There are 2 protein chains.
Amino acid sequence: MSAKSDPGRSLALLWGSHTRPGRSGLTVRAIVDAAIELADAEGLEAATMRRVADKIGSGTMSLYTHVPGKAELNDLMVDTVLGELYNGVDDPSGRGGWREGLRYVAERNWDVGLRHLWLLDATGGRPTLGPNAVLKYEAELRVLDGIGLTDLQMDSVLTLVLTHVEGVARSHAGLVRAQRESGLDEQEWWRATAPVLERVMAGHDFPVAGRVGEASSQVYQASADPAHAFAFGLDVILDGVQRLMK
Amino acid sequence: MSAKSDPGRSLALLWGSHTRPGRSGLTVRAIVDAAIELADAEGLEAATMRRVADKIGSGTMSLYTHVPGKAELNDLMVDTVLGELYNGVDDPSGRGGWREGLRYVAERNWDVGLRHLWLLDATGGRPTLGPNAVLKYEAELRVLDGIGLTDLQMDSVLTLVLTHVEGVARSHAGLVRAQRESGLDEQEWWRATAPVLERVMAGHDFPVAGRVGEASSQVYQASADPAHAFAFGLDVILDGVQRLMK
DNA sequence: AGCCTGTACCGTACGACGTACGCCAACTGA
DNA sequence: TCAGTTGGCGTACGTCGTACGGTACAGGCT
């Protein structure tokens with residue numbers, strides 16, 4: 001009997017029109033767009049109900065006429081942005097074999113993650129199942145259709161690739177956020193951290209970590225290199241998938 | 001000149017003793033333990049300064065005598081929990097080849113993610129570099145040492161495996177959280193969602209997504225199966241890593 | 001013993017957040 | 001014209017992290 005959240009209400013909103021204006025021209029679309037702009041510019045935590053309302057020149061509580069609450073607004077933001085992924089002409093299937101197709105899928109998801117650093121903060125939990133999310137699932141599955149995988153394997157392979165991309169994109173977003181919040185870029189941060197770390201670790205011995213950590217941080221000039229992790233991991237995963245095909 | 005956050009201060013705290021009590025017996029250790037208990041039981045958002053203080057019977061602001069702020073408390077929570085991973089006797093290296101070693105690393109990380117569902121919410125951004133994090137890095141790298149990989153490859157392979165585990169663990173944590181917050185388990189959620197989704201998707205056509213989605217949800221009885229994704233992805237990744245060795 | 005100074009502790013308050021509630025004004029249909 | 005409905009929104013509540021300033025205890029000095 002807990003009326004916490006009604007999946008039906010959210011779904012209807014997600015698949016609704018978003019453009020029917022109220023008395024003062026307020027639309028769902030305008031609310032969602034304003035929220036996305038705020039999140040793009042300053043991170044998801046900047047997309048508060050108050051600031052979204054200010055941005056479109058309405059009272060804070062007017063938003064609730066068009067959107068049940070913050071959670072549903074988040075879902076709308078996510079599904080809207082997923083619409084950027086495959087715009088009809090860029091169908092990921094039919095561009096060579098499954099390998100090129102999967103690579104394209106990974107690259108598109110990586111791109112959208114870079115463009116909207118808040119995206120992965122807004123997902124998680126149950127999937128959203130808006131129109132663009134379903135379209136995405138369909139488009140991505142098609143690159144794996146008819147090449148000898150079972151339906152379950154198709155889903156598993158796609159999940160694996162997307163999990164990888166989400167992981168490295170989240171890592172990238174985390175670094176950008178850390179830089180914004182600390183005011184220190186990667187090199188400044190390391191210059192501030194390294195001497196303290198060395199002093200505090202004196203006495204302990206970490207031979208392998210010391211050697212490998214030094215090698216990596218010299219090459220990356222950073223505490224991590226998500227772009228490299230993206231490419232390296234994708235190659236390894238695609239090689240591994242190859243063996244499923246036999 | 002922005003004095004936002006001082007990496008040195010955090011590091012010193014992380015590597016400090018945590019057990020030196022103040023006038024009323026308050027210690028860093030007690031604060032961190034209380035916060036972890038709250039997060040384990042009710043999620044990271046339950047570990048507020050007020051509730052932590054209540055739990056240990058002190059005033060809210062007394063915590064700030066021992067801990068600079070919420071962010072540093074999070075770091076301490078993370079590093080403390082990472083201490084559970086490898087307790088000396090369970091050294092991941094020296095248990096067969098690299099493949100068994102990597103599998104063990106993945107499983108230990110998966111386990112700790114299940115035990116502390118808030119862990120991945122508390123990480124992200126720059127790495128924490130507390131004693132247990134460094135110990136973890138060293139222990140995990142050792143399973144890849146001396147088997148013909150370059151230092152950079154060692155780091156990349158480990159990152160790949162950990163990114164995978166983090167991704168599926170995050171997915172698992174998301175489902176558990178969704179269940180707690182909505183009061184609906186996976187089957188109830190799907191029973192509430194499916195008919196609405198079908199009605200709203202009428203007219204559109206998603207042949208592959210429909211077929212595959214149905215197959216998966218029948219087998220998993222859920223919107224996703226992180227445990228299966230963990231195992232499937234790990235096998236594929238290990239196969240892919242194999243080709244690096246050659 | 002008396003006192004001084006540093007610091008552990010903590011009560012209050014501020015500005016953010018999401019949103020419940022209720023009022024007003026503008027539409028709609030009769 | 002007037003009643004009923006509904007979009008818009010001002011106020012207020014309970015939450016959060018934490019700045020600030022006061023209180024009272026501990027330890028070192030005379």
Side-chain angles (χ1 to χ4, degrees), chain A residues 2-6 9-10 13 16-32 34-35 38-39 42-77 118 121-122 181-182, chain B residues 2-6 9-10 13 16-32 34-35 38-39 42-77 118 121-122 181-182:
Chain A
S2 71
K4 295 286 303 178
S5 71
D6 176 4
R9 183 170 203 74
S10 304
L13 180 62
S17 86
H18 305 171
T19 55
R20 209 178 49 248
R23 269 209 302 269
S24 59
L26 210 54
T27 63
V28 174
R29 164 82 46 237
I31 294 170
V32 174
L38 280 169
E42 301 177 47
L44 187 59
E45 75 282 359
T48 69
M49 298 306 261
R50 277 171 244 257
R51 291 199 58 189
V52 170
D54 281 357
K55 194 172 172 68
I56 60 182
S58 78
T60 305
M61 293 311 292
S62 306
L63 304 185
Y64 288 88
T65 304
H66 301 268
V67 153
K70 190 77 195 308
E72 289 80 4
L73 177 54
N74 270 357
D75 287 347
L76 283 163
M77 293 169 68
W118 50 271
D121 296 332
E181 288 182 0
S182 71
Chain B
S2 70
K4 296 283 304 177
S5 71
D6 176 4
R9 184 170 202 74
S10 305
L13 181 62
S17 87
H18 306 171
T19 55
R20 210 178 48 249
R23 271 210 301 270
S24 59
L26 209 54
T27 62
V28 173
R29 163 83 47 240
I31 294 171
V32 174
L38 281 169
E42 302 176 48
L44 187 60
E45 75 283 359
T48 68
M49 299 305 261
R50 276 172 244 259
R51 291 199 58 189
V52 169
D54 281 358
K55 194 171 172 69
I56 61 181
S58 78
T60 304
M61 292 312 290
S62 307
L63 303 185
Y64 287 88
T65 304
H66 302 267
V67 154
K70 190 79 195 310
E72 289 80 4
L73 177 53
N74 271 358
D75 286 348
L76 283 163
M77 293 169 68
W118 50 271
D121 296 333
E181 288 181 0
S182 71

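Not measured: the values here are computed from a predicted model. So that the names make sense, note that chain A is the first sequence line, chain B the second, and so on, each numbered from 1.
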Please identify each residue that fulfils side-chain contact (heavy atoms from CB on, under 4.5 Å) with A/A30, with sequence neighbours left out. A/T27
Grab the CZ-C1' distance between B/R20 and C/dA8 for me, whole Å please. 12 Å
Could you state the atom-to-atom distance from CE of B/M49 to C1' of C/dG11 in whole Å? 16 Å
What heavy-atom pair brings [X] and [Y] nearest, and what distance separates the two atoms?
{"X": "A/L13", "Y": "A/P68", "value": "CD2-CD, 3.6 Å"}
{"X": "A/I31", "Y": "A/L73", "value": "CG2-CD1, 3.9 Å"}
{"X": "B/A47", "Y": "B/A35", "value": "CB-O, 3.7 Å"}
{"X": "B/K55", "Y": "B/L38", "value": "CD-CG, 3.8 Å"}
{"X": "B/I56", "Y": "B/A34", "value": "CG2-CB, 3.6 Å"}

CZ/A/R50 to OG1/A/T60 distance, rounded to the nearest 0.5 angstrom? 6.0 Å
Specify the residues of residues 61-76 of chain B, ordered by number, for which at least one heavy atom lies under 4.0 angstrom from an atom of DNA chain D. B/M61, B/Y64, B/G69, B/K70
I'd like the 5' and 3' limits of the part of DNA chain D contacted by chain B, with heavy-atom contacts below 4.0 Å. D/dC16 to D/dA26
Could I get the full list of salt bridge (Lys or Arg N to Asp or Glu O under 4.0 Å) partners for B/R51, not counting sequence neighbours? B/E42
Just grab all the side-chain hydrogen bond (donor to acceptor under 3.5 Å, both in side chains) pairs involving residues 62-73 of chain B, residues at least two apart or on different chains. none
Residue pair A/G59/B/T48 against DNA chain D: nearer the 5' end by closest nucleotide is A/G59
Looking only at side-chain N and O atoms, does B/S58 come under 4.0 Å of OP1 or OP2 in C/dC9? no
Nucleotide by nucleotide, 5' to 3', does protein get under 4.0 Å of the base (B), only the sugar-phosphate (S), or neither (-) in nucleotides 22-30 of chain C, counting heavy atoms? ---BBS---
If you define the side chain from C-beta out and look only at heavy atoms, does anything of B/L44 sit under 4.5 Å from B/N74? yes
